[in-house]
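The analysis underlying the following values was restricted to heavy atoms, covering all of them including side chains, and did not include hydrogens, waters or symmetry mates. On a predicted model such as this, the values are computed, not experimentally measured, just so you know. Proteins come first, then strands; the chains are lettered A, B, ... in the order of their sequence lines, and each starts at number 1.
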Number of protein chains: 2
Amino acid sequence: MNSFGSYLRHRREALRVKDRSYSVRQVAKRVGLEPAYLSKIERDEVAPPSEEAIGRLAEALGEDRDALLALGGKVSSDLLELIRRHPVAFAELIRGLRDAPPAALLRVVREVRDGDW
Amino acid sequence: MNSFGSYLRHRREALRVKDRSYSVRQVAKRVGLEPAYLSKIERDEVAPPSEEAIGRLAEALGEDRDALLALGGKVSSDLLELIRRHPVAFAELIRGLRDAPPAALLRVVREVRDGDW
DNA sequence: AAAAGTGTGTAGTAGGTATGACACATGAAC
DNA sequence: GTTCATGTGTCATACCTACTACACACTTTT
């Protein structure tokens, strides 16, 4: 299983090869966390941090925010708020796509993106 | 503002007119909560209860689970899990529907329900 | 070889979440 | 008029969540 912590560690170390400033300590500083805490996060010794912290980590490491949040077991709070505005419709929409093959999911996404309403 | 608590109270009292067993105490018992706690919930003296408790309340009062959860500021955990399986796609899909008129939202829902993949 | 940087172990904590237990006063039922 | 049911006030709590602070040993840089 690719846990949140180990994924984070691999990504950071990959960046570190090209840029020495991607140490635990310096990334922690940029992101506004204690180095010891980030270290524990990367070793999965503690649970993934807050949504805000994950967002800053995603930015610092050039990762997709929503994807990293998902790895951390969370969903962006702005999405939650949108769902809560139309709970029944979104519930049916999301559950309706449960078994959809990725291609079908992407088609719906594209359809909506191209805003045909 | 129609808060979670006051909505719950109104719904319960409406049911109580026809069926005297919809008292705070008896509903609390059916739902597995302390009467004093349910009372506080209905008066918004405390935050809405857990997802599980809201689910049982929805069932006991004949309400839509997802709608009641939304009123309580939550989103069903099974939806969260589905989103976490395709975080980027679902994020774009949901954000893409942010400003969609309800009719358009319903159209997409129906389209998916009729499973055209 | 001193200074600076590195990762991590240990300990502690402030605030939130989700309740339970008991007691009491009022009102309805028998 | 006692019994029973009702809603609610007060108090307590166990368990998370999301961290910080300090200290230590090792490595790299100068």
Side-chain angles (χ1 to χ4, degrees), chain A residues 3-58 60-61 68-77 80 84, chain B residues 3-58 60-61 65 68-77 80:
Chain A
S3 66
F4 181 79
S6 63
Y7 178 79
L8 218 60
R9 170 140 298 189
H10 285 132
R11 292 310 296 133
R12 187 183 53 74
E13 284 180 343
L15 290 170
R16 185 132 208 251
V17 173
K18 296 275 172 188
D19 183 337
R20 296 304 294 166
S21 85
Y22 283 89
S23 68
V24 168
R25 279 181 124 95
Q26 296 194 49
V27 170
K29 180 155 206 179
R30 277 177 233 145
V31 163
L33 293 178
E34 283 289 311
Y37 184 38
L38 179 55
S39 171
K40 272 177 285 197
I41 290 169
E42 289 193 351
R43 284 171 296 125
D44 297 302
E45 206 190 291
V46 298
S50 67
E51 178 182 348
E52 292 72 31
I54 293 179
R56 296 194 302 271
L57 280 167
L61 302 180
L68 200 57
L69 280 171
L71 245 188
K74 322 219 174 199
V75 172
S76 184
S77 56
L80 297 183
R84 275 188 258 116
Chain B
S3 65
F4 181 79
S6 63
Y7 177 80
L8 218 60
R9 171 141 296 190
H10 286 133
R11 292 310 298 134
R12 187 181 54 75
E13 285 180 343
L15 290 170
R16 184 135 208 248
V17 172
K18 296 275 169 186
D19 183 338
R20 296 303 294 166
S21 86
Y22 283 88
S23 68
V24 168
R25 278 181 126 94
Q26 297 194 49
V27 170
K29 181 155 205 177
R30 276 177 233 144
V31 164
L33 294 178
E34 282 291 310
Y37 183 39
L38 178 55
S39 172
K40 273 177 285 196
I41 290 169
E42 288 193 351
R43 284 171 296 123
D44 297 303
E45 206 191 290
V46 299
S50 66
E51 179 182 347
E52 292 72 32
I54 293 179
R56 296 194 301 270
L57 280 167
L61 301 180
R65 199 187 115 99
L68 200 58
L69 280 171
L71 247 188
K74 321 218 176 200
V75 172
S76 184
S77 55
L80 297 184

Closest heavy-atom pair and its distance - B:Arg65, B:Ser76: NH2-OG, 2.8 Å
Looking only at heavy atoms, the pair that brings A:Leu57 and A:Pro49 closest together is CD1-CG, 4.3 Å
Side-chain donor-acceptor pair present, B:Arg30, B:Ser21, cut-off under 3.5 Å: yes
Output yes when A:Glu42 and A:Arg9 qualify as a salt bridge under the 4.0 Å nitrogen-oxygen rule, no when they do not. yes
When you list every nucleotide of DNA chain D with an atom under 4.0 Å from a heavy atom of chain A, which one comes first 5' to 3', and which comes last? D:dA18 to D:dC22
B:Phe4 atom CZ is separated from C:dA18 atom C1', nearest whole Å, by 13 Å
Rounding to 0.5 Å, atoms CZ (B:Arg25) and OG (B:Ser39) come to a distance of 10.0 Å
Look at all strands and tell whether B:Lys74 reaches a base, only sugar-phosphate, or nothing, counting heavy atoms closer than 4.0 Å. sugar-phosphate
Heavy-atom nearest pair, A:Leu8 first then A:Leu61, reads CD1-CD1, 3.9 Å
Interface with DNA chain C, restricted to residues 49-58 of chain A and to heavy atoms under 4.0 Å: none
Would you compute the distance between atom CG of A:Leu38 and atom CZ of A:Arg43 and round it to the nearest 0.5 angstrom? 10.0 Å
In whole angstrom, give the distance that lies between atom CD of B:Glu34 and atom P of C:dC22. 9 Å
When you check every protein heavy atom under 4.0 Å of nucleotides 7-15 of chain C, what one-letter string (B, S, -) results, 5' to 3'? BBBBB----
Please give me the minimum heavy-atom distance between B:Asp44 and B:Ser3, naming the atom from each residue. OD2-OG, 2.5 Å
To the nearest 0.5 Å, what is the distance between CD on A:Glu51 and CG on A:Leu80? 7.5 Å
When you compare the side chain of B:Lys74 with that of B:Phe4, does any pair of heavy atoms fall below 4.5 Å? no
